[in-house]
Amino acid sequence: MRITVFGANGPTGRLLTDQALASGHQVVAVTRRPGSLVPRAGLTVAVADATDPAAVATAIEGTDAVLSTLGTRFSKNPVTTYSASGTVITDAMTRQGVTRLLVVSSNILDPQWRPSGAYFFNHVLDPLVNRRLGRTLHEDMRRMEGVIRGTDLDWTFVRPSGLFDHPVVTAYRTAETSADGVFTARADLAASMLREVAERRYVRTAMGVITTAVKPSIVKLIWNEGVKKK
Ligand SMILES: NC(=O)c1ccc[n+]([C@@H]2O[C@H](COP(=O)([O-])OP(=O)(O)OC[C@H]3O[C@@H](n4cnc5c(N)ncnc54)[C@H](OP(=O)(O)O)[C@@H]3O)[C@@H](O)[C@H]2O)c1
């Protein structure tokens with residue numbers, strides 16, 4: 001399969017690219033910073049801002065599926081990265097007759113999502129970190145899901161919980177709409193996307209993805225995702 005990966009230079013996008021190449025797919029890695037991607041057999045690098053219609057149209061030419069792991073940071077200001085890129089990517093796909101789209105969003109977008117047995121997360125961290133500091137980002141993620149839902153494409157929203165790095169793929173779990181857990185390893189998120197491309201179990205719906213086999217330290221996660229990443 002020929003797969004186009006947006007956000008290919010980000011932490012999940014790199015894993016997704018590596019796993020896709022290892023599975024024998026041809027990968028078009030879309031990035032704004034091409035210099036930091038190592039050239040390999042099966043890999044084509046496309047330089048594009050995901051909100052640039054001409055560059056996106058070129059990047060997805062001849063592809064079988066588009067997988068997006070792109071994202072941005074929390075901000076006090078309105079965020080537009082998700083909805084703007086979602087609009088440009090779906091427009092280009094529709095024009096070119098490319099139908100399969102998997103986009104990373106978040107379990108937070110399910111209004112009923114409250115992971116069980118996670119009192120501190122549900123009552124302290126989630127309201128403060130995700131719903132207050134991450135408010136504008138999640139508003140835009142929601143707009144992106146709305147844009148994509150309005151298309152005729154075969155889309156899947158891939159919804160992780162708090163992301164952390166773990167060196168190997170574990171026995172992750174998926175569930176429709178959202179998954180009951182606080183954490184998702186990026187390696188599992190990438191693996192779930194590749195499996196969904198092959199299996200098509202969650203077409204035109206959302207797939208929650210969680211990791212239960214290993215648990216990161218919550219302090220380390222906040223440090224890595226909220227402080228160090230900026
Ligand atoms: N962190 C969490 O706990 C958490 C939880 C749930 C969901 N998520 C979502 O999971 C996804 C993956 O997160 P991640 O931490 O692996 O990646 P990330 O740090 O959010 O980075 C994603 C990549 O997106 C690229 N990007 C942003 N805007 C772009 C644009 N206009 N054009 C082209 N590329 C653009 C960035 O490219 P550059 O390198 O060029 O800047 C970056 O490499 C994100 O959507 C995130 O919101 C995260």
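Read the numbers this way: they start at 1 and go in the same order the structure lists the ligands and their atoms. When reading the values below, keep in mind they use all heavy atoms of this one structure, side chains included, and skip hydrogens, waters and symmetry mates.
Under 4.0 Å from ligand 1, not a single heavy atom of Ser85 appears. Residue contacts with ligand 1, taken as heavy atom pairs separated by less than 4.0 Å, involve Thr81 solely via side-chain atoms from C-beta onward. Residue-level proximity to ligand 1 for Arg159 is absent, since no heavy atom of it falls below 4.0 angstrom. Contact annotation: for Ala84 versus ligand 1, there are no heavy atoms closer than 4.0 Å. Neither the backbone nor the side chain of Arg73 has any atom closer than 4.0 Å to an atom of ligand 1 (non-hydrogen atoms only). Contacts with ligand 1 closer than 4.0 Å are made by no heavy atom of Ala8, backbone or side chain. Contacts between Tyr82 and ligand 1, counted as non-hydrogen atom pairs separated by less than 4.0 Å, involve the side chain only.
When the options Ser106, Ser105, Pro11 are ranked by their closest heavy atom to atom 9 (C) of ligand 1, first place goes to Ser105. If you check each of Leu163, Val56, Asp165 against atom 2 (C) of ligand 1, the one with the closest non-hydrogen atom is Leu163.
One hydrophobic cluster holds both Val56 and Val98 under the rule that ILVMFWY side chains link at heavy-atom gaps under 4.5 Å. Under a hydrophobic-cluster definition in which Ile, Leu, Val, Met, Phe, Trp and Tyr are linked whenever side-chain heavy atoms come within less than 4.5 Å, directly or via other members, Met207 and Trp155 are assigned to different clusters. Linking ILVMFWY side-chain heavy atoms closer than 4.5 Å, directly or via other members, places Phe121 and Leu109 in a single hydrophobic cluster.
When each atom of ligand 1 is checked for a heavy atom of Met141 under 4.0 Å away, the hits are 47 (O). Here is the list of ligand 1 atoms found below 4.0 Å of a heavy atom in Pro160: 6 (C), 7 (C). Within ligand 1, the atoms closer than 4.0 Å to a non-hydrogen atom of Arg33 are 38 (P), 39 (O), 40 (O), numbered from 1 in the order shown. Short contacts between ligand 1 and Thr12, defined as distances under 4.0 Å to a heavy atom of the residue, involve ligand atoms 12 (C), 14 (P), 16 (O). The distance from ligand 1 to the heavy atoms of Asn9 drops below 4.0 Å at these ligand atoms: 43 (O).
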field: salt bridge (charged side-chain N to carboxylate O under 4.0 Å, His left out) assessment of Arg100 paired with Glu196
entry: CA-CA 11 Å; Arg100 189 69 175 117; Glu196 174 56 18; 2.9 Å; yes
- request: Check the pair Leu194 / Ile3 against side chain to side chain contact (heavy atoms under 4.5 Å, CB included), numbers first and verdict last.
  value: CA-CA 10 Å; Leu194 283 180; Ile3 290 173; 4.0 Å; yes
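Annotation: Gly71 places an N or O atom under 3.5 Å from an N or O atom of ligand 1; distance criterion only. Ligand 1 has no nitrogen or oxygen under 3.5 angstrom from a nitrogen or oxygen of Leu137. Remark: ligand 1 and Gly7 share no N or O pair separated by less than 3.5 Å (distance only, no angle test). In terms of N/O distances under 3.5 Å, ligand 1 is not approached by Thr31. Below 3.5 Å of separation, one finds an N or O of Leu70 facing an N or O of ligand 1. No N or O atom of Thr51 sits closer than 3.5 Å to an N or O atom of ligand 1.
Other residues, nucleotides and ligands contribute at most 12 non-hydrogen atoms within 6.0 Å of the CZ atom of Arg173.
The closest approach between Ser68 and ligand 1 stays at or above 4.0 Å for every heavy atom of the residue.
The OG1 atom of Thr136 sits 11.0 Å away from the CE atom of Met141 when rounded to the nearest 0.5 Å.
Looking at Thr69 and Thr12, their side chains never bring a donor and an acceptor atom within 3.5 Å of each other. When only modelled atom types and interatomic distance are considered, Asp140 and Thr81 share no side-chain donor-acceptor pair under 3.5 Å.
Residue pairs meeting the salt bridge (Lys or Arg N to Asp or Glu O under 4.0 Å) criterion with at least one member in residues 7-26, sequence neighbours excluded, are Asp18-Arg40. Listed by first and then second residue, the salt bridge (Lys or Arg N to Asp or Glu O under 4.0 Å) pairs that reach into residues 104-123 come to none, sequence neighbours excluded.
Exactly one of Thr212, Thr174, Thr211 qualifies for a side chain to side chain donor-acceptor pair (under 3.5 Å) with Asp188. That residue is Thr211.
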